[in-house]
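Here is the structure we will look at, set down as structure tokens.
Note that ligands are numbered from 1 as they come in the structure, with each ligand's atoms numbered from 1 the same way. The basis for the numbers below is simple: all heavy atoms, side chains too, and nothing from hydrogens, waters or symmetry mates.
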Amino acid sequence: MASVLIKELYKSFGPVEVLHDINLDLADGDFTVFVGPSGCGKTTLLRLICGLEEITSGEMYIDSEFVNDVPAAKRGIAMVFQSYALYPHMTVAQNMGYSLRLAKFPKNQIQERVERAAGILQIDHLLDRKPGQLSGGQRQRVAIGRAIVREPKVFLFDEPLSNLDAALRVEMRVEIAKLRNDLGATMVYVTHDQTEAMTMADRIVVLREGWVEQVGSPLELYHHPRNKFVAGFIGSPKMNFIGSSFSGAKDDQSKVELPGGAEILLPVRPEGLEPGAPVELGIRPEHLIEGWQGGDAALSGQVFVVEHLGGTTLAHVRVPECKARLMVQTGGESPLRIGDEISLGLTAADCHLFNQDGAALGGPGPGA
Ligand code: ATP
């Protein structure tokens, strides 16, 4: 297995720069997830690691070896694509062993590796079938098996679960996490799905428009998003934002006035803020407690949509005093109905504060 070090990497296609000043250190055996909206550069970054794209400037090292000029085939990396790209005329076993045949491995070694990978992925009974006789999930396993047999230093996955239905995605997510434990492999995984990122990653790299916005463990990003973009992207359902104003500092904490005039003292340092400065208060739906009067602030509003998800209920609440629509997560058995007038309690320690530029203010802040 191997580490991957990326230093001051830039990538342009013609005159258009799509990745800017990327610096990443992916540790040996780590499961790193690149996440971000469509077009932010996730796949391009993966293809650069793999050697399928040329680096415009910067340096890349795999296990301390400078690899900028090392061709893809010699990097010891295997990539699993969203489209499984299996050869339809070959059996599962032939598909899985193809790269080893090309590399002129002896037949018995190919068979041994294919059988071992098929065992890990529980597709031993499918080895004689053709891809056309397999389900989507089974095809994806074959594509992963094809990577495993190569015994690569690093596995790269490019949205490998996008073509699967919701239930199968969850199943394969668990399979890939298990695979990672079984193989102890260094893995880099690309997705635009923050739930996949949160559930699978040791470390998440959040990208936006070719910039790395933040790198951290799932819980670091959840508790300490560096800016409003990461705060809104990580966590499901999405964080609520309330346009507010900074009303002054008290004991190195920030007094924030909500649009209705209510004031809340937040445990964040008021760095660079002048009284009256516009700020945004962020609060996650799971931290708005319906009917709770004992918090550091209370809001009242009217429910306009209720979504029953079984284990939880999501209520969409219009809060006129804040000129906001907030999402509230409550218990699965919640009796809330459209039109209900409710109050919402919140704790200052659960709130995040963002300045006008969207930067999060003053650690250690909530969750520390
Ligand atoms: P998605 O989630 O939609 O796959 P992504 O985050 O993986 O998106 P990339 O495919 O890496 O994004 O694309 C990043 C940017 O680079 C986009 O603006 C895209 O249009 C551009 N791009 C990618 N490949 C090329 C190419 N071969 N030539 C020109 N521009 C490209």
Compute the shortest N/O to N/O distance between E53 and ligand 1 and return yes if it is under 3.5 Å, no if not.
no
Taking both backbone and side-chain atoms of G41, is any N or O found less than 3.5 Å from an N or O belonging to ligand 1?
yes
Of the protein's non-hydrogen atoms, which lies at the shortest distance from atom 10 (O) of ligand 1, and what is that distance?
T43 CB, 3.8 Å
Among protein heavy atoms, which sits nearest to atom 21 (C) of ligand 1, and what does the distance come to when rounded to 0.1 Å?
V18 CG1, 4.0 Å
Is the closest N or O pair between S38 and ligand 1 shorter than 3.5 Å?
yes
Which residue and heavy atom of the protein sit nearest atom 30 (N) of ligand 1, plus the separation:
F13 CD1, 3.4 Å
Do we see a donor-acceptor contact under 3.5 Å between the side chains of N227 and E213?
yes
If you measure from atom 2 (O) of ligand 1 to every heavy atom of K42, E209, H192, which option wins on shortest distance?
K42
Using a 4.5 Å side-chain heavy-atom cut-off and chaining through intermediate ILVMFWY residues, the residues clustered with M90 come out as Y87, Y98, L102
Given S12, G210, G39, P37, identify the one with the heavy atom nearest to atom 15 (C) of ligand 1.
G39
Can you tell me how the ring of F157 sits relative to the ring of F31, calling it parallel under 30°, perpendicular over 60° and tilted otherwise?
parallel
Any non-hydrogen protein atom less than 4.0 Å away from atom 19 (C) of ligand 1
no
In the hydrophobic clustering that connects Ile, Leu, Val, Met, Phe, Trp and Tyr at side-chain heavy-atom distances below 4.5 Å, which members other than Y10 occupy its cluster, ordered by chain and number?
none
Y222 ring centre to R284 NZ or CZ under 6.0 Å, with the angle to the axis within 45°?
yes
What about M172 and V92, same hydrophobic cluster or not, with Ile/Leu/Val/Met/Phe/Trp/Tyr joined at side-chain heavy-atom distances under 4.5 Å?
yes
Between R113 and F105, is NZ or CZ placed under 6.0 angstrom from the six-membered ring centre and within 45° of the ring axis?
no
Please check if atom CD in E209 has more than 12 non-hydrogen atoms from other residues, nucleotides or ligands closer than 6.0 Å.
no
Does the residue E159 have a heavy-atom contact with ligand 1, meaning some pair of atoms that are separated by less than 4.0 Å?
yes
Among protein heavy atoms, which sits nearest to atom 11 (O) of ligand 1, and what does the distance come to when rounded to 0.1 Å?
T44 OG1, 2.5 Å
